[in-house]
Amino acid sequence: MSETKKNVYNPKEIEDSYYKLWEERNYFEIDGNKSIQKSNRYFTIMMPPPNVTGKLHIGHALTFTLQDIIVRYKRMDGYKTLWQPGVDHAGIATQNVVEKQLLAEGTTKEEIGREAFLERAWQQKENSQNAITSQLRKLGVSPAWSRERFTMDEGLGNAVKKSFKQMYDNGFIVRDNYMINWCTHDGALSDIEVEHEDHMGKMYHINYPLSDGSGNITVATTRPETYFGDTAVMVHPDDERHNHLIGKKVKLPLIEREVEIIADKHVDMEFGTGFVKVTPAHDTNDYEVGKRHDLEFITIFDEKGILNGYCGEFEGLERLEARDVIVKKLEDTGFMVKIEDHPHQVGHCYRCKNIVEPYISKQWFVKKEFAQKAIEKVNNGEAEFFPSHWINSYNAWMSELRDWCISRQLWWGHQIPVFYCNDCGHEWVEEGDAPTSCEKCNSENIYQDPDVLDTWFSSGLWPFSTLGWGNGEFGKGTLWSEDDMKNFYPNNLLITGFDILFFWVARMLMMGENITGELPFKDIYLHALVKDEHGEKMSKSKGNVIDPLETIDKYSTDALRFTLAVLAVQGRDIKLSEDKLEQSRNFTNKLFNATNFLQLNQEHFDDLDPTNIKTPLGRYMLARFNVAVKETREFMDVYRFNDGATVLYRFLWGEFCDWGIELSKASKESVAELGSIFKESMKLLHPFMPFITENLYMRLSEESLEEGESIMVKAYPTVSQVDDEVIKQFDLIMEAIVSVRRCKTLIDKGNQKIEKASIKLPSGSDVEMMRPFIQKLGKVEELSFVDEKIANCVTDVSDNLETFISTDDIDMSAIIAKLTKQKEKLEKEIAKLNGMLNNERFVANAPKQVIATNRKALEEASDKLAKVEEELKGFA
RNA sequence: GAUCGCGUAACUCAGUGGUAGAGUACUUCCUUGACAUGGAAGAAGUCGUUGGUUCAAGUCCAAUCGUGAUCACCA
């Protein structure tokens with residue numbers, strides 16, 4: 001049995017049940033906030049669809065929390081709000097997960113066949129989607145679940161075919177033989193799917209004999225096994241060591257095939273031996289050289305990496321295993337001159353970590369020209385990055401774009417909607433149902449391209465395909481409606497991690513622009529990665545992974561959400577730590593206990609009506625609340641989640657609890673008003689902490705969610721008149737209280753109750769209004785207000801007032817030390833201000849406002865100094 | 001090599017040209033009738049370094065050091 005502590009907030013009791021009710025009542029749907037919707041206010045944000053490969057991690061928790069904060073804010077602020085949920089089929093990643101499952105069962109995808117394999121993949125999709133969506137519910141997020149989509153559902157499949165045809169017809173999609181990145185496990189990859197890693201390899205120096213028998217040349221290579229594909233050796237034309245050999249022939253070791261020595265400026269004379277083997281079919285640079293010199297392209301291994309007949313006796317070996325065997329043979333036969341250590345970078349498949357090969361293959365590509373307009377429009381300000389510096393990365397990447405390889409040799413994905421006729425050779429794109437005969441010659445001897453599309457092709461359409469674009473009749477009226485494109489496109493905002501800027505964001509921008517004529521969203525917020533408390537990337541091997549569900553279990557959903565929000569500073573890594581989570585947890589507890597306090601006095605509190613706030617303290621807290629509302633809204637509007645959260649923390653804890661509640665103990669009649677303000681501030685906080693705010697709002701309204709309407713569909717607070725006068729009055733009250741407390745520490749009374757104190761206030765202060773607050777919080781039985789300094793007492797001098805407490809025998813040295821320090825500080829300040837104000841150029845150039853502020857500060861500091869000096873004189 | 005961040009109190013970090021801020025930790029005190037997951041008071045910073053612009057620089061500019069990320073090339 002776990003003990004339940006009194007006065008400790010227990011979130012577990014409410015989180016699941018509230019969520020269930022919210023969802024049942026359709027609050028998350030686009031008309032969930034019907035009663036507060038304002039006309040023509042629409043807000044759309046797409047959920048980046050999680051991969052159906054597993055479960056949520058802390059990065060998901062961050063991204064979805066931030067999205068939910070904005071969505072709840074907009075929904076409460078009267079927008080018709082669409083937060084579009086869904087999941088991504090994640091081609092390679094999911095296929096690999098399923099393959100691993102099969103492997104564990106002792107079988108393979110080839111053994112069970114394409115159909116059975118796809119069945120397994122769909123099963124994986126179901127399992128993962130269920131896990132993910134139930135975890136998302138735990139996070140308290142509020143997407144329009146009724147519209148949940150999957151990138152491979154029929155409607156999105158239709159959109160893929162339609163957009164493919166459009167791009168094909170416009171000449172942006174072509175099929176060609178290119179040198180691409182080839183993974184012998186996963187097939188063709190786009191450039192960004194290859195990760196380059198530092199690796200300590202070897203540099204092999206190999207002798208190639210000259211055909212005329214006049215000697216050898218030595219080439220240097222890191223990949224000796226590729227020499228069977230060499231079709232030339234090149235030297236720099238200006239290389240005086242070697243250029244006399246241009247035009248001569250050499251024989252490749254062992255196989256004795258002859259290749260020519262050619263001249264090409266690509267060679268770096270400083271590097272290696274100056275002789276470079278040219279393997280046009282297996283190296284990106286050599287590919288270009290090969291094209292320049294019209295060389296033969298010899299491919300030496302098949303799609304699985306198995307060496308072919310060009311490799312002589314090594315035929316049948318796997319490319320990686322072959323290296324050592326070949327090297328051994330070259331050593332034995334004397335062709336190997338030397339082997340040195342050589343650090344270099346090796347490309348790996350981003351999904352299976354296999355070493356990627358440059359490989360010539362016939363694939364489908366999206367031409368790089370496709371991106372042109374999206375580059376221009378983003379740079380014209382039609383979309384905006386938060387933080388803004390990301391536009392640099394966007395431009396850098398976009399300007400170096402190469403054609404995007406979109407065909408994948410996988411089974412799991414959108415099959416390419418291109419058909420070929422075996423009889424007449426016709427090739428065409430079919431955007432409708434699969435045809436049974438050739439559209440040109442009517443032959444039934446046709447087949448569909450067996451490859452599937454890069455997973456990012458369909459996710460690139462996500463901002464509009466989910467709104468019904470190209471869906472055909474699928475889902476019409478249930479998953480989407482005909483007004484959706486008009487109302488929700490372009491989307492207002494995208495929130496996602498910077499790590500998929502190129503993979504996804506850039507692709508959405510170019511596809512959206514080309515296919516709909518408009519960029520798909522206006523604002524692009526890119527958040528950082530969640531790191532551990534030391535700033536280390538989380539990884540299973542390091543054992544520093546923070547699991548969102550465990551965290552929720554320990555600290556509550558609200559605490560996790562608030563922590564992530566408070567740490568989400570634009571442009572900085574998020575270092576998540578237990579300390580921060582504890583702090584947020586404590587904050588929820590504080591709010592819970594504030595409610596307990598309010599309800600000691602009365603059970604029910606009305607909703608806030610500013611005109612009904614009459615007591616001075618009520619008016620003061622209302623004024624502070626207004627400041628908080630203004631700041632929170634301003635920060636939300638520019639996606640400064642950390643600042644918004646900090647404002648709320650400061651207001652609710654530092655102002656409402658520490659001062660408002662404490663002061664109300666001297667003003668019982670203000671409690672009813674404070675309760676109303678607190679209820680309203682629960683609305684303000686709701687987007688960050690949806691559960692506790694609902695709970696406390698309901699408690700203070702004496703309602704339950706079962707009977708009442710949720711806080712999540714009530715109007716977000718707006719700013720009413722801020723009463724500056726009452727803020728001034730209470731600033732003075734608080735200054736007096738702090739001064740009394742400080743004075744008491746001088747006589748070692750801590751915060752104990754004392755009998756008498758005197759305060760000298762500025763003239764015109766409303767002393768009778770102030771008295772009860774100062775007496776109560778300063779813990780003074782008898783408080784008197786005086787016009788002159790009192791003899792024989794300790795004194796505290798603050799900006800606007802002085803406090804005196806009579807004393808007989810106490811050690812004065814501490815007091816003198818304190819006053820002396822205060823004096824020095826004031827003198828320094830006065831000197832600084834004087835320096836500025838005596839500077840003619842400052843007075844001539846600075847804004848009047850600044851000069852006035854400084855004059856006033858100087859005056860106040862001088863006054864204060866005079867008082868401090870007078871005190872010191874008394875001790876002399 | 002190129003580009004982009006970051007460097008502010010012991011720690012984690014805000015800071016939008018106008019007297020340097022928060023939370024945690026620390027020191028001292030308080031179990032006061034919401035909360036010890038709490039309250040009060042306090043101490044703590046040559047804002048990486050050096051120049052420059054400006055009446056005024058943590059903030060803008062340049063250089064430099066440290067640190068991190070991304071992209072690219074190395075046969």
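So that the names make sense, note that chain A is the first sequence line, chain B the second, and so on, each numbered from 1.
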- request: Examine A75(B): is either OP1 or OP2 under 4.0 Å from a nitrogen or oxygen in the side chain of H342(A)? Give yes or no.
  value: yes
query: What does nucleotides 10-20 of chain B look like as a protein-contact string, B for base, S for sugar-phosphate only, - for none, at under 4.0 angstrom between heavy atoms?
result: --BSSSB-BB-
- prompt: D796(A) has an atom CG; how far is it from atom C1' of A40(B), in whole Å?
  reply: 14 Å
task: Would you indicate which nucleotide in C74(B), A41(B), A75(B) comes nearest to any side-chain atom of T222(A)?
output: A75(B)
- prompt: Closest to the I661(A) side chain: C4(B), A75(B), A34(B)?
  reply: A34(B)
- prompt: Is the NZ or CZ atom of K679(A) positioned over F605(A)'s six-membered ring, under 6.0 angstrom from the centre and within 45° of the axis?
  reply: no
query: What is the distance, rounded to the nearest whole Å, between atom CG of L777(A) and atom C1' of G39(B)?
result: 11 Å
query: Which listed nucleotide (C4(B), A44(B), U70(B)) is nearest to the side chain of K821(A)?
result: A44(B)
Quick one: side chains of residues 639-653 of chain A, donor-acceptor pairs under 3.5 Å with protein atoms, not counting sequence neighbours, listed by atom name and distance.
{"unit_1": "Y639(A)", "atom_1": "OH", "unit_2": "D523(A)", "atom_2": "OD2", "d": "2.6"}
{"unit_1": "R640(A)", "atom_1": "NE", "unit_2": "D643(A)", "atom_2": "OD2", "d": "2.6"}
{"unit_1": "R640(A)", "atom_1": "NH2", "unit_2": "D643(A)", "atom_2": "OD2", "d": "2.9"}
{"unit_1": "T646(A)", "atom_1": "OG1", "unit_2": "N642(A)", "atom_2": "O", "d": "2.7"}
{"unit_1": "R650(A)", "atom_1": "NE", "unit_2": "E655(A)", "atom_2": "OE2", "d": "3.2"}
{"unit_1": "R650(A)", "atom_1": "NH1", "unit_2": "E631(A)", "atom_2": "OE1", "d": "3.4"}
{"unit_1": "R650(A)", "atom_1": "NH2", "unit_2": "E631(A)", "atom_2": "OE1", "d": "3.4"}

query: If you check the W653(A) side chain, which of A41(B), G38(B), A34(B) turns out closest?
result: G38(B)
Main-chain N/O of R585(A) paired with N589(A) side-chain donor or acceptor, under 3.5 Å: no
- request: From the options G38(B), C35(B), A40(B), select the nucleotide whose nearest atom is closest to the side chain of E662(A).
  value: C35(B)
- prompt: For atom P, what is the distance between A69(B) and C74(B), given to the nearest Å?
  reply: 23 Å
message: Between the side chains of E827(A) and K823(A), is the shortest nitrogen-to-carboxylate-oxygen separation below 4.0 Å, so that they form an ion pair?
response: yes
query: So, the side chain of E735(A) versus the backbone of N800(A): is there a donor-acceptor pair under 3.5 Å, distance only?
result: yes
query: Out of K277(A), H282(A), R323(A), E357(A), which one pairs with T226(A) under the side chain to side chain donor-acceptor pair (under 3.5 Å) rule?
result: K277(A)
task: Find the runs of at least 3 consecutive base pairs, i with j, i+1 with j-1 and so on, that include RNA chain B, using Watson-Crick or G-U wobble geometry with both distances under 3.5 Å.
output: B:1-7 with B:65-71, B:10-13 with B:21-24, B:26-30 with B:38-42, B:48-52 with B:60-64
Side-chain ion pair, K202(A) and E340(A), N-O less than 4.0 Å: no
- request: Flag the pair D238(A) and K265(A) as a salt bridge only when some basic side-chain nitrogen lies within less than 4.0 angstrom of an acidic carboxylate oxygen.
  value: no
